[in-house]
K.L.:
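Just passing along the structure, written as structure tokens.
Remember, it's 1-based here, ligands and their atoms both numbered in the order they're listed. Atoms considered below: every heavy atom in the structure, side chains included; atoms not considered: hydrogens, waters and symmetry mates.
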Amino acid sequence: MSAAPTKITFFEWLTPLVASGKKTITIRDESESHYVPGTRVDVHTLEKDEYVCQIDIVSVEKISFEDINEEHAAQEFIPLEELKPLIREIYPNDEDFYVITYTLVA
Ligand SMILES: CC(=O)Nc1ccn([C@@H]2O[C@H](CO)[C@@H](O)[C@H]2O)c(=O)n1
């Protein structure tokens, strides 16, 4: 068993949405599903590994690609018609994903 991860990366262009509290979920594949509710993690940019802010993990829930809906898009702060192609671009071969819900640490 490995320890709960203490860091998560986001694409740099999305980090203002995370740091402002507008974006409250992220959808990741199995390899990034091991975040533990109740733990605090540091947000860094993927490209430059720059520290952005901290978030508290609220929940990690499995979801199929086809079940990603408008509610998720609202929580992602990305239109659904952009979100689904984006997820497909990042993860071309997956059907099973994990919705990671978090709150911004003030
Ligand atoms: C290693 C790494 O950083 N990967 C990812 C993967 C996903 N995402 C974002 O999560 C949401 C659902 O996929 C969308 O908003 C994506 O753009 C991200 O920012 N960074």
Side-chain angles (χ1 to χ4, degrees):
M1 213 184 96
S2 52
T6 57
K7 176 178 162 181
I8 188 167
T9 58
F10 284 82
F11 295 117
E12 188 170 19
W13 67 274
L14 286 168
T15 57
L17 293 179
V18 178
S20 65
K22 288 177 177 163
K23 179 173 161 68
T24 60
I25 65 168
T26 184
I27 298 174
R28 302 294 171 106
D29 70 354
E30 206 275 333
S31 73
E32 286 201 276
S33 68
H34 305 292
Y35 291 93
V36 177
T39 61
R40 183 160 291 185
V41 305
D42 294 332
V43 174
H44 286 242
T45 64
L46 177 65
E47 294 85 350
K48 296 181 194 152
D49 198 26
E50 282 171 341
Y51 172 82
V52 177
C53 61
Q54 289 187 309
I55 55 176
D56 286 333
I57 305 298
V58 174
S59 61
V60 180
E61 291 167 307
K62 200 170 181 179
I63 192 171
S64 300
F65 183 76
E66 63 181 13
D67 291 333
I68 296 170
N69 61 35
E70 292 288 355
E71 209 173 315
H72 301 110
Q75 295 174 92
E76 281 269 10
F77 218 78
I78 300 174
L80 186 60
E81 64 270 22
E82 291 175 27
L83 178 63
K84 293 192 83 166
L86 180 61
I87 292 173
R88 264 286 155 260
E89 195 183 319
I90 304 167
Y91 308 110
N93 301 313
D94 288 278
E95 287 308 320
D96 292 332
F97 292 95
Y98 295 81
V99 178
I100 301 171
T101 304
Y102 53 81
T103 55
L104 182 65
V105 176

K.L.:
Look only at the side chain of Arg88 and the backbone of Tyr91, and say whether a donor-acceptor pair between them is shorter than 3.5 Å.
P.N.:
yes
K.L.:
So Phe65 and Phe97, would you call those rings parallel, tilted or perpendicular, with 30° and 60° as cut-offs?
P.N.:
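Ring orientation of Phe65 relative to Phe97: tilted.
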K.L.:
Would you say Val41 and Val99 are hydrophobically clustered, going by side-chain heavy atoms of ILVMFWY under 4.5 Å?
P.N.:
no
K.L.:
Hey, which residues fall under 4.0 Å of ligand 1 on heavy atoms?
P.N.:
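Lining ligand 1: Thr9, Phe10, Phe11, Leu14, Lys23, Thr26, Ile27, Arg28, Glu32, Leu46, Glu76, Ile78, Leu86, Ile87, Ile90, Tyr91.
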K.L.:
Test side-chain contact (heavy atoms from CB on, under 4.5 Å) on Asp56 and Thr39; report intermediate values, then the result.
P.N.:
CA-CA 6 Å; Asp56 286 333; Thr39 61; over 6 Å; no
K.L.:
Measuring from atom CD of Gln54 to atom OG1 of Thr103, what distance do you get when rounded to the nearest 0.5 angstrom?
P.N.:
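That separation rounds to 11.0 Å.
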K.L.:
Taking only residues two or more places apart in sequence or in another chain, which ones pass salt bridge (Lys or Arg N to Asp or Glu O under 4.0 Å) with Asp49?
P.N.:
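Counting only residues at least two positions away or on another chain, Asp49 forms a salt bridge (Lys or Arg N to Asp or Glu O under 4.0 Å) with Lys7.
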